A.B. asks: 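Handing you a structure now.
Only a predicted model underlies this, so the values are computations on that prediction, with no experimental measurement involved.
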Amino acid sequence: MSRFDYYRPNAMPPVVKNLIIINAIVFFAQLMLDSQYNITDNFLTLAPLVPKGLLQYLPEGFRTFQPYQIATHMFTHGNFGHILFNMFSLWTFGKLLETVWGPKRFLLFYLACGVGAALMHLAIQYYRCTELLQAAQANDMAGVERYQGALAGAVGASGAIMGLFAAFAFLFPNTELFIMFIPVPIKAKWVVLLMAAYDVLGGLGVTNDNIAHFAHLGGALTGFIIVLFWQKTNRRQLY
């Protein structure tokens, strides 16, 4: 028998509510304690996974990847605008998806998308680090400059949020959304495709906006694969 957990349309479902609270608490801790404990850099940012040969070219004490960061990075944010957009998106789209799926399935989906985003980011950064290592070994200063971004970490729930966008567009493709600065509604499927295209261009360096675009793509791809799998194997419970 299919199981549905019903919430009043305007009620805040429990997982979305608690995720917003946790993110807010962590962001407050970053604001208040970062200067003293360096919380963001030392504990919560998704630092790069680098080849061993590259370490000799890096400053002593350079932060490299720690396994726990796969989970912790998605609860931290770089600034107020960053967390505001992510939490608003979580409230807007997560509320509906949790109502449809129930708390346990929604939480599993959200965390899986965050992990998928982290794995994609780590893979891309590792590849870029190998290019940076080759440039450093060849004393190619232009190459070193080109791949310097490989050493940058990633922070934020944006990958998990992109998974929510992908799931919403898959389940409700023709729902019309209003996007800031665009005066006409756009169907959800086109909004997500445009966002994905922007992330592809950003990941290839076209936009040069200091955003972890491949992490976004990893979250969206993970969300799409999960929802597609659920639809094919467990359609009655999915809807």
A.B. asks: Ala157 and Asn23: which non-hydrogen atoms are nearest, and at how many Å?
C.D. replies: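 In terms of heavy atoms, the two residues are closest at CB-OD1, 4.5 Å.
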
A.B. asks: Just how far is it from atom CG of Leu221 to atom CG of Leu119, taken to the nearest 0.5 Å?
C.D. replies: 11.5 Å

A.B. asks: After noting the C-alpha distance and the side-chain angles of Phe93 and Leu177, does the key distance pass the side chain to side chain contact (heavy atoms under 4.5 Å, CB included) rule?
C.D. replies: CA-CA 11 Å; Phe93 297 96; Leu177 305 174; 4.2 Å; yes

A.B. asks: Is there any ring pair (Phe, Tyr, Trp, His ring centres under 6.0 Å) pair reaching into residues 186-216, and which pairs are they, with sequence neighbours excluded?
C.D. replies: Tyr198-His213

A.B. asks: Is there a side-chain contact between Leu164 and Ser89 (heavy atoms, below 4.5 Å)?
C.D. replies: no

A.B. asks: Closest approach of Ala117 and Ala215, non-hydrogen atoms and distance?
C.D. replies: CB-O, 3.1 Å

A.B. asks: Supply the atom-to-atom distance Leu46 CG to Met74 CE, rounded to the nearest 0.5 angstrom.
C.D. replies: 9.5 Å

A.B. asks: Within the 4.5 Å heavy-atom criterion, are Thr45 and Gln69 side-chain neighbours or not?
C.D. replies: no

A.B. asks: Check whether Leu96 and Val16 end up in the same hydrophobic cluster, where Ile, Leu, Val, Met, Phe, Trp and Tyr are linked by side-chain heavy atoms less than 4.5 Å apart.
C.D. replies: yes

A.B. asks: Look up atom CD1 in Ile70 and atom CG in Leu111, then write down how far apart they are to the nearest 0.5 Å.
C.D. replies: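 Answer rounded to 0.5 Å: 12.5 Å.
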
A.B. asks: Below 4.5 Å, heavy atoms only, C-beta onward: do Leu44 and Val155 meet side chain to side chain?
C.D. replies: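 Result no, sub-4.5 Å side-chain heavy-atom pair not found.
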
A.B. asks: Flag yes if Ile25 and Met32 sit in one hydrophobic cluster, no otherwise; membership is Ile, Leu, Val, Met, Phe, Trp, Tyr, and two members link when side-chain heavy atoms are under 4.5 Å apart.
C.D. replies: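 In one cluster with Ile25: Met32, no.
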
A.B. asks: Once ring-ring contact (aromatic ring centres under 6.0 Å, His included) is applied, do any residues pair with Phe75, and if so which ones, sequence neighbours excluded?
C.D. replies: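 In terms of ring-ring contact (aromatic ring centres under 6.0 Å, His included), with neighbours along the sequence ignored, Phe75 is linked to no residue.
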
A.B. asks: Of the non-hydrogen atoms in Pro51 and Cys129, which two are nearest, and what is the gap between them?
C.D. replies: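 Reported closest heavy-atom pair: CD-CB, 3.5 Å.
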
A.B. asks: Between Leu90 and Ile20, is any pair of side-chain heavy atoms under 4.5 Å apart?
C.D. replies: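 Sidechains of Ile20 and Leu90: in contact.
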
A.B. asks: Could you note down all residue pairs passing ring pair (Phe, Tyr, Trp, His ring centres under 6.0 Å) where residues 25-74 supplies at least one of them, sequence neighbours left out?
C.D. replies: none

A.B. asks: Could you grab the distance from atom OG1 of Thr92 to atom CZ of Phe165, nearest 0.5 Å is fine?
C.D. replies: 8.0 Å

A.B. asks: Do you know which two heavy atoms are closest between Asn174 and Lys187, and how far apart they sit?
C.D. replies: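 Of all heavy-atom pairs spanning Asn174 and Lys187, the closest is OD1-CD, 3.5 Å.
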
A.B. asks: More than 12 non-hydrogen atoms from neighbouring residues, nucleotides or ligands closer than 6.0 Å to NZ on Lys189, yes or no?
C.D. replies: yes

A.B. asks: Should Tyr110 and Ile161 be marked as a side chain to side chain contact (heavy atoms under 4.5 Å, CB included) after you check the CA-CA gap, both sets of side-chain angles, and the distance that decides it?
C.D. replies: CA-CA 8 Å; Tyr110 181 87; Ile161 297 300; 4.2 Å; yes

A.B. asks: Just verifying a value: how many Å separate Leu108 CG and Arg105 CZ, rounded to the nearest 0.5 Å?
C.D. replies: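 Going from CG on Leu108 over to CZ on Arg105, the span is 8.0 Å.
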
A.B. asks: So if you build clusters from Ile, Leu, Val, Met, Phe, Trp, Tyr with side-chain heavy-atom gaps below 4.5 Å, do Leu122 and Leu132 land together?
C.D. replies: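 They do not share one cluster, since no chain of ILVMFWY contacts under 4.5 Å joins Leu122 to Leu132.
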
A.B. asks: Hey, could you give me the CG/CG distance between Asp199 and Leu194, rounded to the nearest 0.5 Å?
C.D. replies: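 The distance works out to 11.5 Å.
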
A.B. asks: Does a side-chain heavy-atom distance below 4.5 Å link Leu171 with Leu97?
C.D. replies: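 Yes; the side chains approach each other to less than 4.5 Å.
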
A.B. asks: Write out all pairs satisfying side-chain hydrogen bond (donor to acceptor under 3.5 Å, both in side chains) with one or both partners inside residues 123-147, taking only residues at least two apart or from two chains.
C.D. replies: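 Residue pairs passing side-chain hydrogen bond (donor to acceptor under 3.5 Å, both in side chains), neighbours aside: Gln125-Arg128.
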
A.B. asks: Might you point out which heavy atoms bring Lys95 and Pro13 nearest each other, and give the distance in Å?
C.D. replies: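 Shortest heavy-atom contact: CG-CD, 3.4 Å.
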
A.B. asks: Side chain to side chain donor-acceptor pair (under 3.5 Å) with His77: which residues, sequence neighbours excluded?
C.D. replies: Asn86

A.B. asks: Are the side chains of Thr64 and Leu55 in contact, using a 4.5 Å heavy-atom criterion?
C.D. replies: yes

A.B. asks: Are Ile21 and Val26 connected, step by step, through hydrophobic side chains (Ile, Leu, Val, Met, Phe, Trp, Tyr) whose heavy atoms are closer than 4.5 Å?
C.D. replies: no

A.B. asks: Locate the shortest heavy-atom distance separating His121 from Ala212; write the atom from each residue and the value.
C.D. replies: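 Heavy atoms of His121 and Ala212 come nearest at ND1-CB, 3.9 Å.
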
A.B. asks: Is it the case that one hydrophobic cluster holds both Leu151 and Ile211, taking links as side-chain heavy atoms less than 4.5 Å apart, direct or via other members?
C.D. replies: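 Looking at the clustering, Ile211 is in a separate group from Leu151.
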
A.B. asks: Taking side chain to side chain donor-acceptor pair (under 3.5 Å) as the definition, give me every residue that meets it alongside Gln30, ordered by chain and number, with sequence neighbours left out.
C.D. replies: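 Testing Gln30 for side chain to side chain donor-acceptor pair (under 3.5 Å), a comparison that skips the adjacent residues, returns Thr40.
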
A.B. asks: After noting the C-alpha distance and the side-chain angles of Trp91 and Lys17, does the key distance pass the side chain to side chain contact (heavy atoms under 4.5 Å, CB included) rule?
C.D. replies: CA-CA 8 Å; Trp91 175 77; Lys17 178 178 69 176; over 6 Å; no

A.B. asks: Checking side chain to side chain contact (heavy atoms under 4.5 Å, CB included) for the pair Ile186/Glu176: CA distance, chi angles, key distance, verdict?
C.D. replies: CA-CA 5 Å; Ile186 305 176; Glu176 294 185 333; over 6 Å; no

